[in-house]
Amino acid sequence: MSDIIQLLPDHVANQIAAGEVVQRPASVVKELLENAIDAGSDSIKLIIKDAGKTLVQVIDNGKGMSTTDARLSFERHATSKIKTAEDLFQLNTKGFRGEALASIAAIAHVELKTKQENDDVGNAIIIEGSNVVSQDVVVTPKGTSVSVKNLFFNIPARRNFLKSNVVELRHVIDEFHRVALAHPDISFALYNNGNEAFNLPISNYRQRIVNIFGNKTNEKLVPVEEDTEVLKISGFVGKPEFAKKSRGEQYFFVNNRFIKSAYLNHAISSAFDGLLKTGTHASYFLNLTVNPLTIDINIHPTKTEIKFDDEHTLYALLRSAVKHSLGQFNIAPVLDFDRDANLDTPYDYTKNSKVSTPTIEVDRSFNPFQEETNAPTKAVSYKKEPATSWESLYVGLESKSTKNEEDFSEVHFESQESTGSIFDEDTQVEQANTTYQLHNKYIVSTIKSGMLVIDQNRAHQRILYEDFLKNMTIKEAATQQLLFPLQLHFSIQEIEIINQLKDDLEHTGFIFSEVTNDSLDITGVPVGVPESEVSIILEQLISDVENEVPDSNFSATDLLAKSMAKSLAIKTGQSLQKDEQEHLVNKLFACKEPNASPTNRTTFVTMSVDELDKKFI
Ligand code: ADP
Ligand code: MG
């Protein structure tokens, strides 16, 4: 038998490797930014077109490459960063596999321009799908520019697999944020389709966070500082009252490398125990410095996971450091950042107030907010003038749907599924005063054949959902003008999402007077939506869209209606007056599909007298 094994040609091997290294434009962004940092740059520009699908370009002012290195950099396993296996354990560079450029060049059109400081001219190389098209001498500034065009041009399946520009851009920006947050000592700029999206000068860490996430962030940050033999922690956590519905702003960096760690994340959540509203997540920006010998960053191909030798100690240290900071911030609320407008000395207070040596024992019962009267733990309250807020939810919405004014006794079920046998001949409910609220959760009422139990929250979600959908479809909604415009701050991705939904939001009654990179000016809100709820509604919406990972067939209208219904619906635990209970019942059965909530949960159950009789046998 003849031999059948052969070595894969380089370009095939590179394409295979690319599958691991390059999933999407954001992967290219990560690799190129990391190379620029490893090259010792202090100014890095990222240029993106079509969310990186058409172009990702990184221009740095680092040390550049010689003519030979420029050519070699595209070979697989070509790296200047390690020479022996031992070097792997002493890493202080980002890259080391020597795979990125070779992989990227296998699946895109790549143009490299590079020049070292003392050379007069530099080199330009064009590579397309692993083929070197040209290598020339060029005049170019010190440093390196790598442009990656037409990603996956030769692998249509991968190209088609890419998500919408909104989603891909979000990944790109996430990656950019991670790198920029890890390196406040480097200036970064991001240009998206020709517009400057971020311009981040060299600054301290607090200023870097503020430059990325907006000025409003400044007042939210609480410094965390701890220095022990095994671990140095520095950075910030967000104050509990600013916690968000989405997990967006949670960053760990270990030795300047962004990592994900559910375990360490848990340490932070537990430090916030009892301080957060349910369903919200604290933000954090924490840099951990550990001895490189005690970690293994090589366990994951994209290198965002990490293995620590002694996770338990890190957990305990982190948790107590964060608790300590939260406690301090509560006891002494006037910290440097309140008086230091220039943000130059964010760590001032730690120098003056002696930080006690951290210990691993943690007082679990310690609650720094215990004595504060308006503690965030108590902020969840259902009792805000129930009558008025209840009424107001319907003002305006009702005016357009006179049909909903029907008397309950005339209500018929329109939906096929809901016309169960009980209801066919039983569309009459005995008149007024027949409702009763059970445990501030269920509305109990009588129907001809027996008894009806309605889940108040789900029922109200259904009612609002159909109202919102109707408004968005017929494109007219009552707006309540605000006396003073409401300005809300969001991150650039969040604004992107709002922009995507702007038309639909306007059809529900929102009026946006100005939308910038990181803020919204709202001059009108849907009638009945309390001003104080607006930011929660929008945050919920953003988090719902993010979790949905919208692709081509996602319906923005539906998601928006669902999300707003969820935010605004009467909650379990809210006590309702008699007329409110009746109104809810009436409205529910005027819905197209009264029997399920927008997320398909049962809204009511019935029990006939016959069934009851059986129980009494
Ligand atoms: P790695 O970063 O793992 O070494 P890469 O494929 O990303 O592998 O890069 C290969 C080599 O090319 C690097 O080791 C470095 O020597 C050189 N290189 C890549 N990008 C740059 C850059 N922006 N500036 C200077 N040298 C670079
Ligand atoms: Mg690299």
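When a ligand or atom number is given, it counts from 1 through the structure's own listing order.
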*asked:* On a heavy-atom basis, which atom in Asn123 and which in Gln135 lie closest, and how many Å separate them?
replied: OD1-NE2, 4.0 Å

*asked:* Quick one about Ser66 and Gln116 (side-chain donor to acceptor, distance below 3.5 Å, no hydrogens or angles considered), yes or no?
replied: no

_With a 4.0 Å cut-off on N to O distance, would you call Lys244 and Glu249 a salt bridge?_
yes

*Can you check whether Asn35 has an N/O within less than 3.5 Å of an N/O in ligand 1?*
yes

*Mind checking whether Phe198 and Phe176 have parallel, tilted or perpendicular rings, split at 30° and 60°?*
tilted

_Test your reading of the structure: does Asp38 have an N or O sitting under 3.5 Å from an N or O of ligand 1?_
no

*Record the part of Val58 in heavy-atom contact with ligand 1 below 4.0 Å; permitted values are side chain, backbone, both and neither.*
neither

*Does the separation of the ring centres of His177 and Phe213 fall below 6.0 angstrom?*
yes

*So, do Tyr263 and Tyr315 have ring centers that fall under 6.0 Å from each other?*
yes

*asked:* Quick check: Ala102 and ligand 1, any N/O pair under 3.5 Å apart?
replied: no

*Mind checking whether Thr144 contacts ligand 1 via backbone (N, CA, C, O), side chain (CB onward), both or neither, at a 4.0 Å heavy-atom cut-off?*
side chain

*Is the shortest distance from a heavy atom of Glu31 to ligand 1 less than 4.0 Å?*
no

*Just jot down the ligand 1 atoms closer than 4.0 angstrom to any heavy atom of Ser73, in number order.*
10 (C), 12 (O)

*Considering only heavy atoms of Ala100, which atoms of ligand 1 have at least one such atom less than 4.0 Å away?*
6 (O), 7 (O)

